[in-house]
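Before any comments, here is the structure.
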Amino acid sequence: MKRIKYIVVQTAYTVFSFCYFIGFAIDMTLWGFFLITLGGATEEHKLKYHRILQRRSRFVINHVPGTSFSYSNAQGETFEKPAMIISNHQSHLDLMGIMMLTPRLIILTKKWVWHNPFYGIVIRYADFFPITDTEEMVDAIAEKVRKGYSVMIFPEGTRSADCHIQRFHRGAFYLAEQLQLDIVPVFIKGFGKVLPKTSFHLHPGQMSVEVMPRMLRNDPVLAAGYREAAKKLHSVYKVKNVENEE
């Protein structure tokens, strides 16, 4: 009987959250249409759209049924100075946890995310970029950085099925080196338990986002080059992940 009740409750949570997520996508699409398509793609309108996206993301991640959420920023990071933000990757919910950090944020996504039928248009209104190797993409990102925007990449490239830390691709660290950006590591926990990669159902649990200390460009780890930076930060995340599982 308890098992049946659990399944019913979790199914209700999942249906409610899916409907809410679709509502979020429709809401942000309408904001984009009226604010940017009709109002004009000015910097003022773009930033306003990002601020709305930040507020909506914060609200959503704090109201996932059956879960709790905590945010830690011990260093008081403001993201006023553009940086390369990196994070471990566990769930579709991760984007909400990242977008709540700052309105001046550009996220590099996979092409399928950029073309997603549910929220792809929101991604495009927000000027997020599909990951490519083209010089044009780097130039476009550099222009956003000059306007005060930070750049965010999941260095694992894909969600982890069991929340372990997968190997880090070097792209985020190479781009940070090319654009002379500091790196701000972010550690997420519990997102993959609440909405696992292999499941369509929400599960009860605790989620958290921790903003770790900013690494300046003259930090010895970054000064050693992007290849070494990728290895060292991968090790940092692996250790932190083990500590959080204990």
Side-chain angles (χ1 to χ4, degrees), residues 14-43 45-61 63-64 84-134 136-141 143-145 147 149-161 169 171-172 175 186 188 191-192 194-202:
T14 302
V15 171
F16 174 81
S17 296
F18 179 77
C19 292
Y20 190 88
F21 182 75
I22 295 299
F24 166 86
I26 293 173
D27 176 52
M28 290 309 305
T29 298
L30 290 174
W31 269 109
F33 177 74
F34 287 107
L35 190 62
I36 297 174
T37 300
L38 295 184
T42 64
E43 285 304 312
H45 288 169
K46 290 277 188 177
L47 182 56
K48 184 175 181 179
Y49 186 78
H50 276 254
R51 292 190 189 284
I52 296 169
L53 189 60
Q54 180 194 25
R55 290 196 297 268
R56 295 291 194 276
S57 297
R58 183 186 296 121
F59 181 85
V60 169
I61 209 66
H63 292 84
V64 178
M84 172 63 70
I85 301 171
I86 63 170
S87 172
N88 53 320
H89 198 9
Q90 298 182 352
S91 166
H92 279 305
L93 293 171
D94 297 352
L95 276 177
M96 296 292 179
I98 296 299
M99 290 189 297
M100 62 166 277
L101 295 177
T102 172
R104 294 185 183 271
L105 181 65
I106 298 299
I107 300 177
L108 271 62
T109 70
K110 287 188 174 183
K111 287 185 178 180
W112 73 263
V113 176
W114 207 71
H115 292 291
N116 185 280
F118 295 112
Y119 50 83
I121 192 168
V122 177
I123 298 296
R124 296 193 290 276
Y125 270 132
D127 285 340
F128 293 173
F129 291 93
I131 296 176
T132 68
D133 295 322
T134 64
E136 289 79 4
M137 183 196 75
V138 177
D139 291 341
I141 293 172
E143 179 62 25
K144 284 292 183 181
V145 170
K147 293 176 179 178
Y149 284 78
S150 290
V151 183
M152 191 276 159
I153 299 178
F154 293 106
E156 292 170 282
T158 186
R159 291 165 290 147
S160 172
H169 297 279
L175 189 57
V186 173
I188 62 173
F191 285 67
V194 170
L195 185 60
K197 181 178 181 179
T198 56
S199 174
F200 292 102
H201 289 276
L202 285 171

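Position 1 is the first residue of the sequence; numbering continues from there.
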Side-chain contact, heavy-atom cut-off 4.5 Å: [X] with [Y]?
X    : Y    : result
M28  : Y49  : yes
L93  : I188 : no
F24  : L53  : yes
M152 : M99  : no
L195 : H92  : yes
H50  : I106 : yes
I98  : S87  : yes
F129 : V138 : no

Derivation and outcome, side-chain contact (heavy atoms from CB on, under 4.5 Å), residues Q54 and L105: CA-CA 9 Å; Q54 180 194 25; L105 181 65; over 6 Å; no
So, using salt bridge (charged side-chain N to carboxylate O under 4.0 Å, His left out) as the criterion, who are the partners of K147 when residues are at least two apart?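 Expected list: E43, E143.
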Can you list the residues that meet the salt bridge (charged side-chain N to carboxylate O under 4.0 Å, His left out) rule with R104, with sequence neighbours excluded?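 Result, salt bridge (charged side-chain N to carboxylate O under 4.0 Å, His left out) vs R104: none returned.
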From [atom1] ([X]) to [atom2] ([Y]), nearest 0.5 Å:
X    : Y    : atom1 : atom2 : value
K46  : I36  : NZ    : CD1   : 4.5 Å
L101 : R58  : CG    : CZ    : 9.0 Å
E156 : I86  : CD    : CD1   : 9.5 Å
H89  : K197 : NE2   : NZ    : 8.5 Å
I153 : T109 : CD1   : OG1   : 10.5 Å
I52  : S57  : CD1   : OG    : 11.5 Å

Closest contact, heavy atoms only, [X] versus [Y]:
X    : Y    : value
I107 : F128 : O-CB, 3.1 Å
N88  : D94  : O-OD2, 4.2 Å
I61  : F191 : CD1-CE2, 3.6 Å

Side-chain donor or acceptor of T42 paired with backbone N/O of H45 under 3.5 Å: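 Looks like yes, one N/O pair under 3.5 Å.
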Is the backbone of G23 close enough, under 3.5 Å, to the side chain of D27 for a donor and an acceptor to pair up by distance?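 No, because the side chain of D27 does not come within donor-acceptor range (under 3.5 Å) of the backbone of G23.
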Answer with yes or no whether the side chains of Y125 and T37 bring together a donor and an acceptor at under 3.5 Å.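 Their side chains do contain a donor-acceptor pair, which is all the 3.5 Å distance test asks for.
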More than 12 heavy atoms of other residues, nucleotides or ligands under 6.0 Å from NZ of K48: is that the case?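 No, the 6.0 Å shell around NZ holds no more than 12 heavy atoms from other groups.
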Kindly indicate, with the supporting measurements, whether the criterion side-chain contact (heavy atoms from CB on, under 4.5 Å) is fulfilled by M84 and L175. CA-CA 8 Å; M84 172 63 70; L175 189 57; 3.9 Å; yes
Results of side-chain contact (heavy atoms from CB on, under 4.5 Å) for I26 - residues two or more places apart only: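 For I26 the side-chain contact (heavy atoms from CB on, under 4.5 Å) partners, ignoring immediate neighbours, are I22, L30.
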